[in-house]
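Inspection log for the structure reproduced underneath, given as C-alpha coordinates.
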There are 2 protein chains.
Amino acid sequence: MILIGERINAGFKDIKEAIVNKDGDVIKKWAKIQADAKATYLDVNMGTASKDPETLCWMIEQVQSVTDLPISIDNNKPDILKEAIPVCKKPPIVNSTTAEMAKLDTLLPIVADHDASIIGLSMDETGSPPNVEKRLENAGKIFEKILEYNIPPEHLFLDPIVMPLKYKQDQASSILEATAQFRFFSDPPCHIVCGLSNVSIGAKHKQLLNRIFCTMLIANGLDAVILDVTDKELVHAILTAELIMNKQIYADSYIEAFE
Amino acid sequence: MILIGERINAGFKDIKEAIVNKDGDVIKKWAKIQADAKATYLDVNMGTASKDPETLCWMIEQVQSVTDLPISIDNNKPDILKEAIPVCKKPPIVNSTTAEMAKLDTLLPIVADHDASIIGLSMDETGSPPNVEKRLENAGKIFEKILEYNIPPEHLFLDPIVMPLKYKQDQASSILEATAQFRFFSDPPCHIVCGLSNVSIGAKHKQLLNRIFCTMLIANGLDAVILDVTDKELVHAILTAELIMNKQIYADSYIEAFE
(Lines give C-alpha, C1' and ligand atoms only; values in the text may rest on other atoms or scores of the structure.)
Protein backbone atom coordinates (compact mmCIF):
# COMPACT_ATOMS: atom_id res chain seq x y z
CA MET A 1 0.00 0.00 0.00
CA ILE A 2 1.26 3.46 -0.90
CA LEU A 3 0.69 5.71 2.12
CA ILE A 4 0.75 9.43 1.28
CA GLY A 5 1.05 11.48 4.48
CA GLU A 6 -1.39 14.40 4.40
CA ARG A 7 -0.12 16.47 7.30
CA ILE A 8 2.20 19.04 5.66
CA ASN A 9 -0.70 21.14 4.42
CA ALA A 10 -1.41 24.80 5.09
CA GLY A 11 -4.97 23.76 5.89
CA PHE A 12 -3.48 22.86 9.28
CA LYS A 13 -2.89 25.95 11.41
CA ASP A 14 0.64 25.06 12.52
CA ILE A 15 1.78 24.53 8.92
CA LYS A 16 0.20 27.80 7.79
CA GLU A 17 2.01 29.63 10.58
CA ALA A 18 5.26 27.86 9.73
CA ILE A 19 4.96 29.12 6.14
CA VAL A 20 4.15 32.68 7.20
CA ASN A 21 7.02 32.71 9.73
CA LYS A 22 9.44 30.74 7.53
CA ASP A 23 9.81 28.32 10.43
CA GLY A 24 11.30 25.17 8.95
CA ASP A 25 11.26 23.28 12.25
CA VAL A 26 7.49 22.63 12.19
CA ILE A 27 7.69 21.22 8.68
CA LYS A 28 10.71 19.08 9.56
CA LYS A 29 8.91 17.83 12.67
CA TRP A 30 5.92 16.62 10.63
CA ALA A 31 8.18 15.14 7.98
CA LYS A 32 9.93 13.09 10.66
CA ILE A 33 6.73 12.06 12.44
CA GLN A 34 5.18 10.84 9.19
CA ALA A 35 8.38 9.12 8.05
CA ASP A 36 8.54 7.32 11.40
CA ALA A 37 4.89 6.29 10.91
CA LYS A 38 6.02 4.64 7.61
CA ALA A 39 4.61 7.00 5.02
CA THR A 40 5.61 6.15 1.43
CA TYR A 41 5.25 9.74 0.12
CA LEU A 42 4.83 13.06 1.93
CA ASP A 43 2.25 15.45 0.52
CA VAL A 44 3.33 19.11 0.57
CA ASN A 45 0.68 21.81 0.19
CA MET A 46 1.11 25.55 0.71
CA GLY A 47 -2.62 26.20 0.35
CA THR A 48 -3.57 29.86 0.53
CA ALA A 49 -0.55 30.75 2.67
CA SER A 50 1.49 31.65 -0.42
CA LYS A 51 1.36 31.78 -4.22
CA ASP A 52 5.11 31.94 -4.59
CA PRO A 53 6.85 28.90 -6.15
CA GLU A 54 9.80 29.67 -3.88
CA THR A 55 7.66 28.91 -0.83
CA LEU A 56 6.76 25.45 -2.10
CA CYS A 57 10.39 24.78 -3.03
CA TRP A 58 11.45 25.84 0.48
CA MET A 59 8.87 23.50 2.04
CA ILE A 60 10.11 20.58 -0.07
CA GLU A 61 13.70 21.38 0.94
CA GLN A 62 12.74 21.33 4.62
CA VAL A 63 11.15 17.90 4.17
CA GLN A 64 14.13 16.56 2.23
CA SER A 65 16.56 17.81 4.86
CA VAL A 66 15.23 15.20 7.31
CA THR A 67 13.95 12.31 5.15
CA ASP A 68 14.60 10.56 1.84
CA LEU A 69 10.90 10.03 1.19
CA PRO A 70 9.55 11.18 -2.18
CA ILE A 71 7.17 14.15 -2.34
CA SER A 72 3.57 14.47 -3.44
CA ILE A 73 3.40 18.06 -4.73
CA ASP A 74 -0.09 19.23 -3.84
CA ASN A 75 -0.44 21.91 -6.52
CA ASN A 76 -1.67 22.09 -10.10
CA LYS A 77 -0.21 25.39 -11.35
CA PRO A 78 2.20 24.72 -14.26
CA ASP A 79 4.56 27.60 -13.39
CA ILE A 80 4.82 26.43 -9.78
CA LEU A 81 5.28 22.77 -10.74
CA LYS A 82 8.05 23.66 -13.21
CA GLU A 83 10.04 25.10 -10.33
CA ALA A 84 9.07 22.64 -7.62
CA ILE A 85 9.55 19.33 -9.46
CA PRO A 86 13.30 19.87 -10.13
CA VAL A 87 13.81 20.50 -6.40
CA CYS A 88 12.56 16.97 -5.65
CA LYS A 89 15.39 14.47 -5.20
CA LYS A 90 13.16 11.58 -6.24
CA PRO A 91 10.42 11.54 -8.91
CA PRO A 92 7.37 13.11 -7.22
CA ILE A 93 3.63 12.65 -7.61
CA VAL A 94 1.83 15.71 -8.94
CA ASN A 95 -1.39 16.10 -6.93
CA SER A 96 -3.53 16.59 -9.07
CA THR A 97 -5.29 17.05 -12.41
CA THR A 98 -8.98 16.80 -13.28
CA ALA A 99 -10.26 15.34 -16.57
CA GLU A 100 -10.41 18.79 -18.19
CA MET A 101 -8.61 18.66 -21.54
CA ALA A 102 -6.87 22.03 -21.19
CA LYS A 103 -5.52 21.05 -17.80
CA LEU A 104 -4.34 17.64 -19.00
CA ASP A 105 -2.60 19.17 -22.03
CA THR A 106 -0.78 21.62 -19.78
CA LEU A 107 0.16 19.32 -16.89
CA LEU A 108 0.93 16.00 -18.58
CA PRO A 109 3.90 17.24 -20.65
CA ILE A 110 5.50 18.51 -17.42
CA VAL A 111 4.84 15.17 -15.70
CA ALA A 112 6.21 13.24 -18.69
CA ASP A 113 9.35 15.40 -18.92
CA HIS A 114 10.27 14.71 -15.30
CA ASP A 115 9.34 11.03 -15.11
CA ALA A 116 6.87 12.05 -12.40
CA SER A 117 3.55 10.47 -11.47
CA ILE A 118 0.18 12.22 -11.35
CA ILE A 119 -3.08 11.89 -9.47
CA GLY A 120 -6.03 12.02 -11.89
CA LEU A 121 -9.29 13.12 -10.26
CA SER A 122 -12.35 11.58 -11.92
CA MET A 123 -14.10 14.96 -12.08
CA ASP A 124 -14.28 17.67 -14.75
CA GLU A 125 -15.41 21.28 -15.27
CA THR A 126 -18.96 20.28 -14.33
CA GLY A 127 -17.80 19.48 -10.79
CA SER A 128 -17.95 16.40 -8.63
CA PRO A 129 -19.13 13.22 -10.39
CA PRO A 130 -22.72 12.26 -9.47
CA ASN A 131 -22.46 8.53 -10.25
CA VAL A 132 -20.26 5.59 -11.32
CA GLU A 133 -20.66 6.30 -15.04
CA LYS A 134 -19.37 9.87 -14.80
CA ARG A 135 -16.43 8.71 -12.67
CA LEU A 136 -15.55 6.11 -15.32
CA GLU A 137 -15.97 8.58 -18.18
CA ASN A 138 -13.66 11.10 -16.53
CA ALA A 139 -11.11 8.48 -15.50
CA GLY A 140 -11.18 7.11 -19.06
CA LYS A 141 -10.40 10.55 -20.49
CA ILE A 142 -7.40 10.89 -18.18
CA PHE A 143 -6.21 7.39 -18.97
CA GLU A 144 -6.36 8.03 -22.72
CA LYS A 145 -4.41 11.27 -22.31
CA ILE A 146 -1.55 9.80 -20.28
CA LEU A 147 -1.00 7.21 -23.01
CA GLU A 148 -0.93 10.01 -25.57
CA TYR A 149 1.91 11.65 -23.58
CA ASN A 150 3.72 8.32 -23.13
CA ILE A 151 3.18 8.31 -19.39
CA PRO A 152 3.06 4.65 -18.24
CA PRO A 153 -0.11 3.49 -16.38
CA GLU A 154 1.94 2.87 -13.23
CA HIS A 155 2.64 6.62 -13.08
CA LEU A 156 -1.09 7.38 -12.93
CA PHE A 157 -3.06 7.41 -9.67
CA LEU A 158 -6.79 7.52 -10.46
CA ASP A 159 -8.98 9.02 -7.73
CA PRO A 160 -12.71 8.11 -7.56
CA ILE A 161 -13.47 11.37 -5.61
CA VAL A 162 -14.46 10.55 -2.06
CA MET A 163 -17.37 12.60 -0.69
CA PRO A 164 -18.56 13.14 2.89
CA LEU A 165 -20.81 10.24 3.92
CA LYS A 166 -22.81 12.57 6.13
CA TYR A 167 -23.91 14.76 3.21
CA LYS A 168 -23.71 12.38 0.22
CA GLN A 169 -24.43 8.95 1.64
CA ASP A 170 -25.53 7.43 -1.68
CA GLN A 171 -22.15 8.28 -3.27
CA ALA A 172 -20.16 5.79 -1.18
CA SER A 173 -21.34 2.76 -3.17
CA SER A 174 -20.60 4.60 -6.43
CA ILE A 175 -17.08 5.31 -5.19
CA LEU A 176 -16.58 1.63 -4.30
CA GLU A 177 -17.93 0.49 -7.67
CA ALA A 178 -15.86 3.02 -9.65
CA THR A 179 -12.74 1.86 -7.78
CA ALA A 180 -13.52 -1.74 -8.75
CA GLN A 181 -13.84 -0.70 -12.42
CA PHE A 182 -10.67 1.43 -12.57
CA ARG A 183 -8.67 -1.78 -12.14
CA PHE A 184 -9.69 -2.96 -15.58
CA PHE A 185 -8.33 -0.03 -17.62
CA SER A 186 -5.01 -1.80 -18.17
CA ASP A 187 -2.94 -4.77 -17.13
CA PRO A 188 -0.88 -4.13 -15.08
CA PRO A 189 -3.34 -1.55 -13.76
CA CYS A 190 -2.71 2.05 -12.83
CA HIS A 191 -2.74 2.94 -9.14
CA ILE A 192 -5.99 3.87 -7.42
CA VAL A 193 -5.81 6.51 -4.72
CA CYS A 194 -8.19 8.59 -2.65
CA GLY A 195 -8.23 11.46 -0.20
CA LEU A 196 -9.62 9.33 2.61
CA SER A 197 -10.44 11.95 5.26
CA ASN A 198 -13.12 13.47 2.98
CA VAL A 199 -15.45 10.58 3.80
CA SER A 200 -15.70 11.65 7.45
CA ILE A 201 -16.13 15.43 7.05
CA GLY A 202 -18.70 16.56 9.60
CA ALA A 203 -19.06 13.04 11.03
CA LYS A 204 -18.88 12.15 14.70
CA HIS A 205 -17.00 8.84 14.42
CA LYS A 206 -14.37 10.14 11.99
CA GLN A 207 -11.55 7.65 12.55
CA LEU A 208 -13.85 4.63 12.53
CA LEU A 209 -15.45 5.80 9.29
CA ASN A 210 -12.06 6.48 7.69
CA ARG A 211 -10.67 3.05 8.46
CA ILE A 212 -13.76 1.01 7.55
CA PHE A 213 -14.21 2.87 4.26
CA CYS A 214 -10.51 2.42 3.50
CA THR A 215 -10.64 -1.37 3.94
CA MET A 216 -13.77 -1.58 1.77
CA LEU A 217 -11.94 0.40 -0.94
CA ILE A 218 -8.93 -1.92 -0.64
CA ALA A 219 -11.30 -4.87 -1.21
CA ASN A 220 -12.17 -3.14 -4.50
CA GLY A 221 -8.59 -2.44 -5.61
CA LEU A 222 -7.42 0.76 -3.89
CA ASP A 223 -3.62 0.57 -3.54
CA ALA A 224 -2.72 4.10 -2.45
CA VAL A 225 -4.24 6.54 0.00
CA ILE A 226 -3.75 10.11 1.18
CA LEU A 227 -4.19 9.76 4.92
CA ASP A 228 -3.32 10.65 8.47
CA VAL A 229 -0.50 8.13 8.64
CA THR A 230 -0.16 8.73 12.39
CA ASP A 231 -3.60 7.15 12.93
CA LYS A 232 -2.35 3.77 14.14
CA GLU A 233 -5.68 1.99 14.05
CA LEU A 234 -6.12 3.10 10.45
CA VAL A 235 -2.69 1.79 9.49
CA HIS A 236 -3.38 -1.52 11.28
CA ALA A 237 -6.66 -1.84 9.36
CA ILE A 238 -4.81 -1.20 6.08
CA LEU A 239 -2.11 -3.77 6.90
CA THR A 240 -4.81 -6.33 7.69
CA ALA A 241 -6.73 -5.61 4.50
CA GLU A 242 -3.52 -6.06 2.51
CA LEU A 243 -2.93 -9.47 4.12
CA ILE A 244 -6.47 -10.46 3.18
CA MET A 245 -5.84 -9.35 -0.42
CA ASN A 246 -2.68 -11.50 -0.36
CA LYS A 247 -0.44 -8.48 -1.05
CA GLN A 248 1.81 -9.30 1.91
CA ILE A 249 2.73 -12.75 3.18
CA TYR A 250 0.92 -13.67 6.40
CA ALA A 251 2.96 -13.60 9.59
CA ASP A 252 1.43 -13.71 13.07
CA SER A 253 3.25 -10.53 14.04
CA TYR A 254 2.59 -8.58 10.83
CA ILE A 255 1.71 -5.42 12.76
CA GLU A 256 4.69 -5.60 15.10
CA ALA A 257 6.97 -6.30 12.11
CA PHE A 258 5.67 -3.21 10.29
CA GLU A 259 6.19 -1.01 13.30
CA MET B 1 -27.28 -6.90 8.85
CA ILE B 2 -28.40 -10.24 10.20
CA LEU B 3 -26.25 -11.02 13.24
CA ILE B 4 -26.26 -14.71 14.21
CA GLY B 5 -24.84 -15.13 17.71
CA GLU B 6 -22.38 -18.05 17.76
CA ARG B 7 -21.94 -18.52 21.51
CA ILE B 8 -24.43 -21.29 22.41
CA ASN B 9 -22.23 -23.99 20.99
CA ALA B 10 -20.87 -27.08 22.75
CA GLY B 11 -17.49 -26.20 21.27
CA PHE B 12 -17.32 -23.78 24.22
CA LYS B 13 -16.50 -25.56 27.47
CA ASP B 14 -19.20 -23.90 29.58
CA ILE B 15 -21.93 -24.85 27.10
CA LYS B 16 -20.69 -28.45 26.87
CA GLU B 17 -20.77 -28.69 30.67
CA ALA B 18 -24.24 -27.11 30.78
CA ILE B 19 -25.49 -29.82 28.39
CA VAL B 20 -23.87 -32.63 30.37
CA ASN B 21 -25.22 -31.26 33.68
CA LYS B 22 -28.60 -30.15 32.23
CA ASP B 23 -27.83 -26.72 33.62
CA GLY B 24 -30.19 -24.35 31.79
CA ASP B 25 -28.82 -21.24 33.51
CA VAL B 26 -25.63 -21.11 31.46
CA ILE B 27 -27.60 -21.33 28.23
CA LYS B 28 -30.08 -18.70 29.39
CA LYS B 29 -27.20 -16.44 30.41
CA TRP B 30 -25.65 -16.56 26.93
CA ALA B 31 -29.04 -16.12 25.28
CA LYS B 32 -29.57 -12.93 27.30
CA ILE B 33 -26.05 -11.60 26.75
CA GLN B 34 -26.33 -12.07 22.99
CA ALA B 35 -29.87 -10.67 22.86
CA ASP B 36 -28.66 -7.58 24.75
CA ALA B 37 -25.80 -7.28 22.24
CA LYS B 38 -28.50 -7.09 19.51
CA ALA B 39 -28.20 -10.49 17.85
CA THR B 40 -30.86 -11.17 15.18
CA TYR B 41 -30.72 -14.99 15.54
CA LEU B 42 -29.15 -17.22 18.16
CA ASP B 43 -27.26 -20.26 16.91
CA VAL B 44 -27.78 -23.41 19.03
CA ASN B 45 -25.31 -26.27 18.65
CA MET B 46 -25.03 -29.35 20.86
CA GLY B 47 -21.84 -30.52 19.14
CA THR B 48 -20.52 -33.84 20.40
CA ALA B 49 -22.08 -33.37 23.85
CA SER B 50 -25.19 -35.28 22.79
CA LYS B 51 -26.81 -37.07 19.85
CA ASP B 52 -30.28 -36.94 21.37
CA PRO B 53 -32.87 -34.70 19.67
CA GLU B 54 -34.32 -34.06 23.12
CA THR B 55 -31.11 -32.32 24.16
CA LEU B 56 -31.31 -29.85 21.27
CA CYS B 57 -35.02 -29.26 21.97
CA TRP B 58 -34.20 -28.59 25.62
CA MET B 59 -31.47 -26.10 24.62
CA ILE B 60 -33.87 -24.26 22.30
CA GLU B 61 -36.45 -24.13 25.10
CA GLN B 62 -33.90 -22.61 27.48
CA VAL B 63 -33.12 -19.92 24.92
CA GLN B 64 -36.79 -19.22 24.22
CA SER B 65 -37.55 -18.93 27.93
CA VAL B 66 -35.54 -15.68 28.08
CA THR B 67 -35.74 -14.16 24.57
CA ASP B 68 -38.06 -13.95 21.55
CA LEU B 69 -35.15 -14.16 19.11
CA PRO B 70 -35.41 -16.78 16.37
CA ILE B 71 -33.07 -19.77 16.42
CA SER B 72 -30.37 -20.93 14.05
CA ILE B 73 -30.41 -24.73 14.51
CA ASP B 74 -26.82 -25.79 14.07
CA ASN B 75 -27.46 -29.38 12.99
CA ASN B 76 -28.00 -31.23 9.73
CA LYS B 77 -29.48 -34.56 10.85
CA PRO B 78 -33.01 -34.95 9.43
CA ASP B 79 -34.35 -36.90 12.46
CA ILE B 80 -33.04 -34.25 14.84
CA LEU B 81 -34.32 -31.35 12.74
CA LYS B 82 -37.80 -32.90 12.49
CA GLU B 83 -38.06 -32.74 16.27
CA ALA B 84 -36.22 -29.46 16.86
CA ILE B 85 -37.88 -27.25 14.24
CA PRO B 86 -41.41 -27.58 15.70
CA VAL B 87 -40.06 -26.47 19.09
CA CYS B 88 -39.02 -23.13 17.57
CA LYS B 89 -41.59 -20.38 18.15
CA LYS B 90 -40.41 -18.48 15.07
CA PRO B 91 -39.25 -19.90 11.72
CA PRO B 92 -35.61 -20.92 12.29
CA ILE B 93 -32.57 -21.08 10.07
CA VAL B 94 -31.25 -24.60 9.51
CA ASN B 95 -27.46 -24.44 9.74
CA SER B 96 -26.53 -26.04 7.29
CA THR B 97 -26.46 -28.10 4.09
CA THR B 98 -23.66 -28.67 1.60
CA ALA B 99 -24.23 -28.91 -2.17
CA GLU B 100 -24.43 -32.72 -2.02
CA MET B 101 -27.58 -33.85 -3.83
CA ALA B 102 -28.57 -36.54 -1.31
CA LYS B 103 -28.31 -34.04 1.53
CA LEU B 104 -30.29 -31.38 -0.33
CA ASP B 105 -33.04 -33.85 -1.21
CA THR B 106 -33.33 -34.88 2.44
CA LEU B 107 -33.08 -31.48 4.12
CA LEU B 108 -34.91 -29.15 1.74
CA PRO B 109 -38.35 -30.82 2.06
CA ILE B 110 -38.11 -30.37 5.85
CA VAL B 111 -37.09 -26.72 5.43
CA ALA B 112 -39.91 -26.11 2.94
CA ASP B 113 -42.54 -27.80 5.14
CA HIS B 114 -41.74 -25.51 8.08
CA ASP B 115 -41.24 -22.24 6.20
CA ALA B 116 -37.70 -22.26 7.59
CA SER B 117 -34.54 -20.82 6.08
CA ILE B 118 -31.32 -22.70 5.38
CA ILE B 119 -27.62 -21.97 5.17
CA GLY B 120 -26.13 -23.44 1.99
CA LEU B 121 -22.39 -24.11 2.21
CA SER B 122 -20.66 -23.79 -1.17
CA MET B 123 -18.81 -27.08 -0.64
CA ASP B 124 -19.58 -30.67 -1.63
CA GLU B 125 -18.42 -34.25 -1.01
CA THR B 126 -14.98 -33.36 -2.37
CA GLY B 127 -14.45 -30.99 0.58
CA SER B 128 -13.66 -27.29 0.85
CA PRO B 129 -13.81 -25.36 -2.43
CA PRO B 130 -10.34 -24.51 -3.78
CA ASN B 131 -11.35 -21.47 -5.87
CA VAL B 132 -14.11 -19.05 -6.95
CA GLU B 133 -15.40 -21.34 -9.69
CA LYS B 134 -16.03 -24.28 -7.39
CA ARG B 135 -17.76 -22.00 -4.89
CA LEU B 136 -20.04 -20.71 -7.64
CA GLU B 137 -20.72 -24.20 -8.99
CA ASN B 138 -21.71 -25.50 -5.54
CA ALA B 139 -23.78 -22.42 -4.70
CA GLY B 140 -25.51 -22.70 -8.06
CA LYS B 141 -26.46 -26.33 -7.33
CA ILE B 142 -27.99 -25.32 -4.01
CA PHE B 143 -29.82 -22.39 -5.57
CA GLU B 144 -31.33 -24.59 -8.27
CA LYS B 145 -32.48 -27.10 -5.67
CA ILE B 146 -34.23 -24.58 -3.39
CA LEU B 147 -36.28 -23.38 -6.36
CA GLU B 148 -37.21 -26.99 -7.09
CA TYR B 149 -38.58 -27.30 -3.54
CA ASN B 150 -40.35 -23.91 -3.77
CA ILE B 151 -38.13 -22.34 -1.14
CA PRO B 152 -37.91 -18.58 -1.89
CA PRO B 153 -34.41 -17.09 -2.43
CA GLU B 154 -34.82 -14.95 0.71
CA HIS B 155 -34.91 -18.16 2.76
CA LEU B 156 -31.48 -19.18 1.47
CA PHE B 157 -28.24 -18.03 3.09
CA LEU B 158 -25.32 -18.88 0.80
CA ASP B 159 -21.97 -19.31 2.54
CA PRO B 160 -18.71 -18.84 0.55
CA ILE B 161 -16.77 -20.99 3.10
CA VAL B 162 -14.34 -18.85 5.03
CA MET B 163 -10.92 -20.41 5.63
CA PRO B 164 -8.16 -19.48 8.06
CA LEU B 165 -6.04 -16.70 6.58
CA LYS B 166 -2.99 -18.07 8.36
CA TYR B 167 -3.13 -21.42 6.53
CA LYS B 168 -4.96 -20.55 3.29
CA GLN B 169 -4.05 -16.95 2.59
CA ASP B 170 -4.80 -17.14 -1.13
CA GLN B 171 -8.41 -18.21 -0.44
CA ALA B 172 -9.48 -14.85 1.02
CA SER B 173 -9.71 -13.12 -2.37
CA SER B 174 -11.66 -16.10 -3.75
CA ILE B 175 -14.10 -15.79 -0.86
CA LEU B 176 -14.53 -12.06 -1.51
CA GLU B 177 -15.04 -12.65 -5.24
CA ALA B 178 -17.50 -15.53 -4.73
CA THR B 179 -19.50 -13.34 -2.34
CA ALA B 180 -19.68 -10.62 -4.99
CA GLN B 181 -20.97 -13.17 -7.53
CA PHE B 182 -23.58 -14.78 -5.26
CA ARG B 183 -25.52 -11.48 -5.38
CA PHE B 184 -26.34 -12.04 -9.03
CA PHE B 185 -28.16 -15.39 -8.71
CA SER B 186 -31.54 -13.68 -8.37
CA ASP B 187 -33.21 -10.31 -7.86
CA PRO B 188 -33.99 -9.79 -5.04
CA PRO B 189 -30.91 -11.80 -4.06
CA CYS B 190 -30.63 -14.56 -1.49
CA HIS B 191 -28.80 -13.75 1.72
CA ILE B 192 -25.03 -14.21 1.94
CA VAL B 193 -23.64 -15.40 5.26
CA CYS B 194 -20.35 -16.64 6.64
CA GLY B 195 -18.84 -18.16 9.76
CA LEU B 196 -16.57 -15.20 10.36
CA SER B 197 -14.33 -16.49 13.16
CA ASN B 198 -12.86 -19.14 10.82
CA VAL B 199 -10.75 -16.46 9.13
CA SER B 200 -8.72 -15.87 12.28
CA ILE B 201 -8.10 -19.48 13.40
CA GLY B 202 -4.52 -19.67 14.67
CA ALA B 203 -3.94 -15.95 14.10
CA LYS B 204 -2.50 -13.56 16.64
CA HIS B 205 -4.66 -10.51 15.88
CA LYS B 206 -7.95 -12.41 15.77
CA GLN B 207 -10.44 -9.63 16.44
CA LEU B 208 -8.77 -7.20 14.07
CA LEU B 209 -8.74 -9.81 11.33
CA ASN B 210 -12.39 -10.73 11.95
CA ARG B 211 -13.64 -7.18 11.70
CA ILE B 212 -11.58 -6.09 8.71
CA PHE B 213 -12.50 -9.22 6.74
CA CYS B 214 -16.14 -8.73 7.67
CA THR B 215 -16.26 -5.16 6.33
CA MET B 216 -14.55 -6.26 3.10
CA LEU B 217 -17.18 -9.00 2.70
CA ILE B 218 -19.96 -6.44 3.34
CA ALA B 219 -18.47 -4.32 0.54
CA ASN B 220 -19.04 -7.37 -1.68
CA GLY B 221 -22.62 -8.07 -0.57
CA LEU B 222 -22.48 -10.06 2.67
CA ASP B 223 -25.69 -9.31 4.64
CA ALA B 224 -25.57 -11.92 7.42
CA VAL B 225 -22.82 -13.21 9.66
CA ILE B 226 -22.28 -15.85 12.32
CA LEU B 227 -20.19 -13.98 14.86
CA ASP B 228 -19.20 -13.15 18.39
CA VAL B 229 -21.90 -10.50 18.75
CA THR B 230 -20.40 -9.39 22.07
CA ASP B 231 -17.30 -8.12 20.21
CA LYS B 232 -18.23 -4.43 20.28
CA GLU B 233 -15.53 -3.26 17.90
CA LEU B 234 -16.70 -5.85 15.38
CA VAL B 235 -20.31 -4.70 15.66
CA HIS B 236 -19.23 -1.05 15.31
CA ALA B 237 -17.29 -1.95 12.17
CA ILE B 238 -20.36 -3.72 10.76
CA LEU B 239 -22.65 -0.77 11.54
CA THR B 240 -20.19 1.55 9.81
CA ALA B 241 -19.91 -0.68 6.74
CA GLU B 242 -23.72 -0.77 6.50
CA LEU B 243 -23.87 3.04 6.55
CA ILE B 244 -21.30 3.13 3.76
CA MET B 245 -23.40 0.66 1.75
CA ASN B 246 -26.41 2.97 2.34
CA LYS B 247 -28.34 0.22 4.13
CA GLN B 248 -29.04 2.48 7.13
CA ILE B 249 -29.65 6.21 7.05
CA TYR B 250 -26.67 8.22 8.30
CA ALA B 251 -26.96 9.77 11.74
CA ASP B 252 -24.01 11.20 13.69
CA SER B 253 -24.80 8.98 16.66
CA TYR B 254 -25.49 5.78 14.71
CA ILE B 255 -23.47 3.67 17.14
CA GLU B 256 -25.02 5.17 20.26
CA ALA B 257 -28.50 4.77 18.71
CA PHE B 258 -27.85 1.07 18.02
CA GLU B 259 -26.65 0.46 21.55
Side-chain angles (χ1 to χ4, degrees), chain A residues 162-177 179-180 183 199-222 232-258, chain B residues 162-177 179-180 183 199-222 232-258:
Chain A
V162 170
M163 295 177 184
L165 193 74
K166 176 168 180 164
Y167 307 111
K168 297 269 187 188
Q169 194 179 353
D170 65 321
Q171 288 297 307
S173 345
S174 292
I175 295 160
L176 288 168
E177 179 58 25
T179 301
R183 278 181 293 189
V199 76
S200 60
I201 290 173
K204 182 173 172 182
H205 299 291
K206 280 182 200 293
Q207 290 187 313
L208 178 62
L209 204 45
N210 288 345
R211 69 177 176 266
I212 300 304
F213 192 50
C214 193
T215 58
M216 293 168 85
L217 284 164
I218 293 171
N220 282 356
L222 191 89
K232 284 205 172 220
E233 282 197 84
L234 171 57
V235 173
H236 295 175
I238 290 170
L239 293 173
T240 307
E242 286 225 286
L243 274 196
I244 290 169
M245 298 301 283
N246 211 7
K247 297 284 179 70
Q248 301 288 337
I249 294 172
Y250 180 87
D252 278 336
S253 298
Y254 65 98
I255 288 174
E256 295 78 1
F258 178 85
Chain B
V162 170
M163 296 177 183
L165 193 75
K166 177 167 180 165
Y167 307 111
K168 297 269 186 184
Q169 193 180 354
D170 65 323
Q171 287 298 306
S173 346
S174 292
I175 295 159
L176 288 167
E177 179 60 23
T179 301
R183 280 181 293 189
V199 76
S200 60
I201 290 173
K204 181 173 174 183
H205 299 291
K206 281 183 200 292
Q207 292 188 311
L208 177 63
L209 204 47
N210 289 344
R211 67 177 178 268
I212 300 305
F213 192 49
C214 193
T215 59
M216 293 168 85
L217 284 164
I218 293 172
N220 282 356
L222 190 88
K232 285 204 172 221
E233 282 198 84
L234 171 58
V235 173
H236 294 175
I238 290 171
L239 293 173
T240 307
E242 286 225 287
L243 274 195
I244 290 168
M245 297 302 280
N246 210 9
K247 297 282 178 72
Q248 301 288 338
I249 294 173
Y250 179 87
D252 278 336
S253 298
Y254 64 99
I255 287 174
E256 295 77 2
F258 177 85

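It should be emphasised that the depicted structure is a prediction, and the values quoted were computed from it without experimental measurement. Letters go in sequence order (proteins before strands), and every chain restarts at 1.
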Below 4.5 Å, heavy-atom pairs only: which of [options] has the largest tally toward chain B?
options                                : value
A:Ile212, A:Leu176, A:Ile249           : A:Ile212
A:Ile244, A:Leu165, A:Asp170, A:Val199 : A:Ile244
A:Gly202, A:Ala180, A:Ala251, A:Ala203 : A:Ala203
A:Lys166, A:Arg211, A:Met245           : A:Lys166

Over all atoms of both residues, closest heavy-atom pair of A:Thr215 and A:Ala241: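 For A:Thr215 versus A:Ala241, the nearest heavy atoms are CG2-CB, 4.1 Å.
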Show the nearest heavy-atom pair for residues B:Tyr250 and A:Gln169, with the distance to one decimal.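 Of all heavy-atom pairs spanning B:Tyr250 and A:Gln169, the closest is N-OE1, 2.8 Å.
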Check the pair A:Ile238 / A:Ile218 against side-chain contact (heavy atoms from CB on, under 4.5 Å), numbers first and verdict last. CA-CA 8 Å; A:Ile238 290 170; A:Ile218 293 171; 4.1 Å; yes
Measure [X] against the heavy atoms of chain A and call it side chain, backbone, both or neither at under 4.5 Å.
X        : result
B:Glu177 : neither
B:Leu243 : both
B:Leu209 : both
B:Glu233 : side chain

Are more than 12 heavy atoms, taken from residues, nucleotides or ligands other than B:Glu242, located less than 6.0 Å from that residue's CD atom?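 Yes.
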Closer than 3.5 angstrom, by distance alone: can the side chain of A:Lys168 be matched with the main-chain N or O of A:Met163 as a donor-acceptor pair?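 A pair under 3.5 Å: no.
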Quick check: does any side chain N or O of B:Lys206 sit under 3.5 Å from a backbone N or O of B:Ser200, one acting as donor and the other as acceptor?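 Yes, because the side chain of B:Lys206 sits within donor-acceptor range (under 3.5 Å) of the backbone of B:Ser200.
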